[in-house]
Structure formats: structure tokens, C-alpha cells
Amino acid sequence: MKTMKKGFMVSVSMVLILSMMAGCSTNNDKPSASPIGEAATKAPEKTAAPSTEKVKITYSMWGSEAEGSTTQAAADKFNASQNRIEVKVQAIPWENYMTKLNTQATAGQLPDTGILKEDGVIQWSSDGMLNDVSAMYSGSDSKPLDSLAYKYQGKTVAYAAANEILLLYYNKDMFDKAKVPYPPSALDKAWTWDEFVATAKKLTVDKNGKHADEAGFNPQSIVQYGASVENLAWQLEAWVLSNGGGFYSADGTSVRIGEDASIEAIQKVADLYLKDHVAPLSVGQTDDGIQRTIIAGTVAMATNGQWNIGTSLNAAKDAGLKYGVAVLPYLKEKVTLNTGGANVVFSQTKHPKEAMEWLKWYTAEENNWGLISSGIWMPTLKKWYTDETLTHKWVDNKNFPPYNEYKSAVVDYAQSSAARPASWFYTNHTTDFNTLLGSTLGDVWTGKTSAKDAISKNLEALKAANKGKK
């Protein structure tokens, strides 16, 4: 769940100019959330398949060749289930995913459907690159949770392929050794921020065995940290909201990052390293927080997304790591973010009906069960959270922490009032905003400047980014 640098946006009025320049330009853009060029607004010419043949559609996904093969196996099951549609999976490495899609968009060769990174959904929709899928689940009992709908100008343009939330992970052995109670898994017992910091101090140890709350503690020789709060730009929104602030207004059209409550929350995250001396330095640039902390065995508790259970913690658990899950601490309000990459139907397709039929089938839990049972995805249908029989089917396996702990800290948490959709579900240009915010805060994490000074200095640029302006 990463954000990518965005290339430049192109209006329809620029199409003729771009087509004239196409023969002499070179594409050196970094991965982008927005398509460019004439083909981005004009679908390629395709020859309709004979009525006696299956309609062939392509589904793109990020991942390795092996992951692509796994998804193709699911597509093969779909292909065999009916005689009208044939799906071919196109696996693209994560690092090159948006670059590849932009190139395909420019050439008018986008796949029919695929998964799209969160921060690109509203932007691609506003560029006319996505089909309206608001009626896709009409009359169906497989419609995802409303909180997982990406909406632009009142229309649902995509649904998240999975439900993901932020939570707190912790090393049980470290807590046991320090004789400190585990973090609460129940929302009604969530720690305040001050309780979180106080506990982190008891778990932070220097080379002489002194804890951060003891006299003689040396912050220059820490061998074990008590906590780490992931400071990727998009995840910081949880703490800003928790403190009564926000990145944006409720409709996503104006910026609130300059409010005192927003700035204070970001500074508190920075102060875990700078003043409280309970967290390692993190510059908010790499999405490997759990690997660098909990799995590395250097941090007692760390925040990050649920998907880490399947992507990294399962293997660490098999290697002997004893970890637990808990709800996030809070500043003023109890908040977690829910998110998930979106399954979309590209507007260049000649077969939107068939593409939607495939997506409806593929997003049903029984058809992507490997991703759910391994802990990478969470179900998108409410019944898996409210029907205990289904919840047990989902959670009662070796890949998850104990049932009651996970149900409380994840299943119930995801359905509570604390769970709020990340802003990219309803806000345009979040790629630009998050990229700029990340660079703006670089010197805040190291203490070279304060959150107030850094944000104030760049506030107008952040407001411009929200409007899609450079």
C-alpha cells in the first residue's frame, strides 16, 4: 500500500498538441497515478469477437510471476465456469506497475480491467479512464461494504478489492520479559497516547539495561525500542484525525493539514524519536516498517496495516516470532484507517459488461480465498464480520493470531465507528499531496525543523497539490 509519484495531467484540450509532439518526445516520467496522451481519452479500435467465440479480456495486477500464476489459476476456474468469457492475467512488478499502465494508456492498450493503486483511482476517474461501476452489484448480495466504495462526483467508480485497516503489532516475548501487560485488543480499552508512550518507555532499553523511564538511561545507546509509529504520509492521516484535525475537508476539496490539531499530531509522532526516545529514526520513505521493527526484533510494538500478517508475519511466526495484535492508541478520538487497492474497469475496454462479470466473480471471497486465508486480504462483505460461523471460517487457521484476539483487534475494529476511509476514497490528487507532504516532513523526523514550521512553509504548495496544480 504505497503512494507513487505522479506524472503530469493532460486536459482534453491538449490532445492535438500532444499527438503532434508524440514523435519527438521521450518518456522519462517516474511511476504515475495519472495517464497521459491522446490514447488516454480514445479507446483503441478492436475487432469484435465472433459470437461463437469467447470474449477475451485481460486483468492486470501487481506482483511477481508466481503471484500472477496463482491469480491465473483463479481466472482459469472462472473461465471453466462458463463458455462466454476468457480471462488472461497480466502480472506486473509493483515497482513498475503504474509506469506500465501509463504507457499502455498512452498507446491505447490498457487491459480491460485490473487492480489500481489507491491514490490513482479518483484521478484516473476524473480523467475519464474508468467505467462507472455503480450498478455492478445491483440486485446482488455480493456488494462490498459501503466504506470500500471509491466515489467521484457522487458516482461509485470502483470498489476496494480488499478491506484493510491499521493496527498495532507487538512482540509478546518482549512484553513478558519486561512484565508489562499486553496492549488492549478491545476498542473500549484502547490506550490513550500518554499510556502508549509510558508503556513504550518501560520497553525501551539501553545497553546497560536501563529503561527510558529510569534515571541513568542513555538515549544514545538504545538496544531495544519500545515503539514505532509508521510515518508514511498516508498513514499519518490516522493520527491527524485522532487529534481532531485532518488532511482534508469532508468532501476532499480543501486542505486542513495546516490546522493546529493536525500539526500537533504529526509532531507527537516525531517526538517519539526526538523527545521520548522510545522509537527508532524513520524518515517515512519505505513501506517495510514491520520488517524493520517487529520482525527484526528491535522494537516491542509497531503500527502498520493488517496485510502484514500475510505478507511477512506468517513466515516470521513460523521462524519463532510470538506476536500479537491490538487496536491503535488514540489522541482525542479513536481512529483507524480502512483502505484497499481498487478493482476497476478501464474505459478503453470494448467489453465492460464482461469485465464487470469477471470482477464480481473474482471479488467473491470463495474465489480469492488464498489471499484471505493467508492474511493478506480481509473480506469485503459485511457477513464475514457479523456471522460468527463465517468469521471462524476466516480466522480459525494457523496463519492468524488467536481467534478472540484477532476478532477483537481486527474484525470488530474494522466494523467500529473508529474505522474511517482513507482520504483517497473520496479525494482527488492524493498522489501529489502525499508525495509533497512526505518530502515536507523529511527534516521534521530528524529534528532539523518542527512540524509547524515545515507545514507552514509548504502550506500553499500543499493546497495547490490538492487542486492538481504544481
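Everything quoted here is computed from the prediction, not taken from an experiment.
Remark: Leu359 CG to Glu354 CD distance equals 12.0 Å, nearest 0.5 Å. Distance check: Ser262 OG to Glu237 CD gives 9.5 Å after rounding to the nearest 0.5 Å. Separation of atoms CG (Asn368) and OH (Tyr362) is listed at 5.5 Å; rounding is to 0.5 Å. In this structure, Leu337 CG and Trp239 CH2 are separated by 9.5 Å, a value rounded to the nearest 0.5 Å. We find the NZ-OH distance between Lys151 and Tyr159 to be 7.5 Å, quoted to the nearest 0.5 Å. The OH atom of Tyr150 sits 8.5 Å away from atom CG of Leu116, with the distance rounded to the nearest 0.5 Å.
No donor-acceptor pair closer than 3.5 Å links the side chain of Thr336 to the backbone N or O of Ala418. For Asn131 (side chain) and Phe346 (main-chain N/O), a donor-acceptor pair under 3.5 Å exists by modelled atom type. Under a 3.5 Å cut-off, the side chain of Lys334 and the backbone N or O of Leu187 do form a donor-acceptor pair. Ser185 contributes no side-chain N or O that, together with a main-chain N or O of Ser408, makes up a donor-acceptor pair within less than 3.5 Å. Of the possible polar contacts, none joining the Lys332 side chain to the Ala261 backbone as a donor-acceptor pair under 3.5 Å is found. Of the possible polar contacts, one joining the Glu164 side chain to the Trp307 backbone as a donor-acceptor pair under 3.5 Å is found. Of the possible polar contacts, one joining the Gln82 side chain to the Phe78 backbone as a donor-acceptor pair under 3.5 Å is found. At distances below 3.5 Å, at least one donor-acceptor pair connects side-chain atoms of Asn367 with backbone N or O atoms of Trp361. Between the side chain of Asp432 and the backbone N or O of Gly468 there is no donor-acceptor pair closer than 3.5 Å. With hydrogens and angles disregarded, no donor-acceptor distance shorter than 3.5 Å links the side chain of Lys407 to the backbone of Glu388.
The number of heavy atoms from other shown groups lying within 6.0 Å of CG (Asp260) does not exceed 12. The local environment of NZ in Lys88 is sparse, with at most 12 non-hydrogen atoms from other residues, nucleotides or ligands closer than 6.0 Å. In the displayed structure, Lys360 atom NZ is contacted under 6.0 Å by more than 12 heavy atoms of other residues, nucleotides or ligands. Within a 6.0 Å sphere centred on CG of Asp453, other residues, nucleotides and ligands contribute more than 12 heavy atoms. Annotation: Glu65, atom CD; neighbour count of heavy atoms from other residues, nucleotides and ligands within 6.0 Å does not exceed 12.
Between Gln291 and Ser312 the shortest heavy-atom distance is NE2-CB, 3.9 Å. Of all the heavy atoms in His429 and Asn466, the pair that sits closest is CD2-O, 3.4 Å. Between Leu110 and Met129 the shortest heavy-atom distance is CD1-CE, 3.4 Å. Of all the heavy atoms in Pro352 and Val345, the pair that sits closest is CA-CG1, 4.1 Å. Ser64 approaches Glu67 most closely through the heavy-atom pair N-OE1, 2.7 Å. Residue Gly438 comes nearest to Ala233 through the heavy atom pair N-CB, 4.1 Å, listed as atom of the first residue, atom of the second, then distance.
Side-chain contact, Asp76 with Gln72: a donor N or O sits under 3.5 Å from an acceptor N or O.
At least one side-chain heavy atom of Tyr406 sits under 4.5 Å from a side-chain heavy atom of Ile309. Residues Tyr330 and Val335 fail the side-chain proximity criterion, which asks for heavy atoms closer than 4.5 Å. In this structure the side chain of Ile266 reaches within 4.5 angstrom of the side chain of Val240, judged on heavy atoms. Between Ile115 and Trp62 there is a side-chain heavy-atom pair separated by less than 4.5 Å. Taking the side chain as every heavy atom from C-beta outward, Leu148 and Asn338 approach each other to under 4.5 Å. Side chains of Ile290 and Leu313 form a contact here, defined as non-hydrogen atoms less than 4.5 Å apart. Inter-residue side-chain proximity for Gln235 and Asn304 is flagged as met; some heavy-atom pair is nearer than 4.5 Å. A 4.5 Å side-chain heavy-atom check between Met356 and Thr113 finds every atom pair outside the cut-off.
With sequence neighbours excluded, the residues that form a side chain to side chain contact (heavy atoms under 4.5 Å, CB included) with Gln90 are Thr58, Ser60, Ile92, Lys100, Gln104, Pro111. Taking Glu357 as the reference, Arg84 meet the salt bridge (charged side-chain N to carboxylate O under 4.0 Å, His left out) condition, with sequence neighbours excluded.
Classification of the Phe433-Phe247 ring pair by plane angle, with boundaries at 30° and 60°, yields tilted.
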Practice task
Could you go through the side chain to side chain contact (heavy atoms under 4.5 Å, CB included) check for Leu441 and Ile455 one step at a time?
Solution key: CA-CA 8 Å; Leu441 297 177; Ile455 292 174; 4.2 Å; yes
Problem - Evaluation steps, side chain to side chain donor-acceptor pair (under 3.5 Å), between Thr156 and Tyr137 - result: CA-CA 11 Å; Thr156 298; Tyr137 292 99; over 6 Å; no
Under 3.5 Å donor-acceptor pairs involving side-chain atoms of residues 370-382, not counting sequence neighbours:
unit_1, atom_1, unit_2, atom_2, d
Ser373, OG, Trp369, O, 2.9
Ser374, OG, Gly370, O, 2.9
Ser374, OG, Leu371, O, 3.2

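With Tyr59 as reference, Asn343 is the one residue of Asp112, Asn343, Thr71 to meet the side chain to side chain donor-acceptor pair (under 3.5 Å) rule. For the pairing with Tyr248, the side-chain contact (heavy atoms from CB on, under 4.5 Å) check across Thr430, Thr253, Ile257 returns one residue only, Thr430.
Under 4.0 Å is where a charged nitrogen must lie from a carboxylate oxygen, and between Lys383 and Glu365 no such pair does.
Taking the ring centroids of Phe196 and Trp193, they lie under the 6.0 Å cut-off. For Tyr152 and Trp124, the ring centers are positioned 6.0 Å apart or more.
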